[in-house]
Amino acid sequence: TQLLEQSPQFLSIQEGENLTVYCNSSSVFSSLQWYRQEPGEGPVLLVTVVTGGEVKKLKRLTFQFGDARKDSSLHITAAQPGDTGLYLCAGADQGGSEKLVFGKGTKLTVNP
Amino acid sequence: DVKVTQSSRYLVKRTGEKVFLECVQDMDHENMFWYRQDPGLGLRLIYFSYDVKMKEKGDIPEGYSVSREKKERFSLILESASTNQTSMYLCASSLWSYEAFFGQGTRLTVV
């Protein structure tokens, strides 16, 4: 079974700070997705990265897919309280099924 | 926009009851999934379906069954609810084997 390890597990920062969260695996993924989940709600898709080395930007969020397609990072510039939530990475299972493999998430708190 | 709708936000059921959780998607997606989410354990796949009347077990199918009679609807059934099934249940759909779209979740408490 492929595993995705996310770090850190918890992160508490002040408004305006920058941060990076990581998603790592020993397996190659054809694509990785990042989701954000707010308390009591379902995860919402933020981005999909497909090509090794790919960088995608979504306003203050920058997503990078590792060259070997085994890892990804999410960088947030000038974090705001509205960025608070659980950030999940997920990858398509390479075993031929339609399953997604999820990391356990990084719980981010941005304090005003 | 894709919409995935779960029938209840909150449910309280008694031990031993048969519980039905319903999920409907409006984007004609082939794949549908049921996950449960618990603190420290992340999202764990219970069952998924890649076509009408087709289903496959996920990582934790024990104590659960599913039904997919129509493409847009995927039901999760707890045959005899137990307290260890108290959890957040999330339904999702996808067209490909990525980019899942989730419902709002059902917080189930079994007492």
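In the text below, chain A, chain B and the rest are named by the order of the sequence lines, each starting its count at 1.
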Kindly work out whether a path of hydrophobic side-chain contacts (I/L/V/M/F/W/Y, heavy atoms less than 4.5 Å apart) joins [X] to [Y].
| X | Y | value |
| --- | --- | --- |
| Leu11(A) | Tyr87(A) | yes |
| Leu61(A) | Ile13(A) | yes |
| Ile60(B) | Trp34(B) | yes |
| Leu11(B) | Ile46(B) | yes |
| Tyr64(B) | Tyr50(B) | no |

With a 6.0 Å cut-off (strictly less than), is the heavy-atom count around [atom1] of [X], excluding the residue itself, greater than 12?
| X | atom1 | result |
| --- | --- | --- |
| Arg73(B) | CZ | no |
| Arg107(B) | CZ | no |
| Glu17(A) | CD | yes |

Checklist entry - Which residues from residues 76-92 of chain B are near chain A, with near meaning under 4.5 Å between non-hydrogen atoms? => result Met88(B), Leu90(B)
Next on the checklist: Taking side chain as everything from C-beta outward and backbone as N, CA, C, O, which of these in Gln37(A) sits under 4.5 Å from a heavy atom of chain B? Side chain, backbone, both or neither.
Outcome noted: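 Looking at Gln37(A), just its side chain touches chain B.
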Item to check | Which portion of Leu32(A) sits near chain B, non-hydrogen atoms under 4.5 angstrom | outcome: neither
Item to check | Which atoms of Tyr35(B) approach chain A - backbone, side chain, both or neither, heavy atom under 4.5 Å | outcome: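 Contact with chain A is through the side chain of Tyr35(B) alone.
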Next on the checklist: Quick check on Gln37(B) against chain A: is it the side chain, the backbone, both or neither that has a heavy atom closer than 4.5 Å?
Outcome noted: side chain
Checklist entry - Side chains of Leu100(A) and Phe48(B): does their closest heavy-atom pair fall under 4.5 Å? => result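 No, their side chains stay 4.5 Å or more apart.
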Would you give me the side-chain donor-acceptor pairs under 3.5 Å for residues 39-53 of chain A, sequence neighbours excluded?
{"unit_1": "Glu41(A)", "atom_1": "OE2", "unit_2": "Arg9(B)", "atom_2": "NH2", "d": "3.1"}
{"unit_1": "Thr48(A)", "atom_1": "OG1", "unit_2": "Glu99(B)", "atom_2": "OE2", "d": "2.7"}

Next on the checklist: Could you check whether any side-chain N or O of Tyr35(A) sits under 3.5 Å from a backbone N or O of Ala100(B), counting only pairs where one atom can act as donor and the other as acceptor?
Outcome noted: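 It does hold such a pair.
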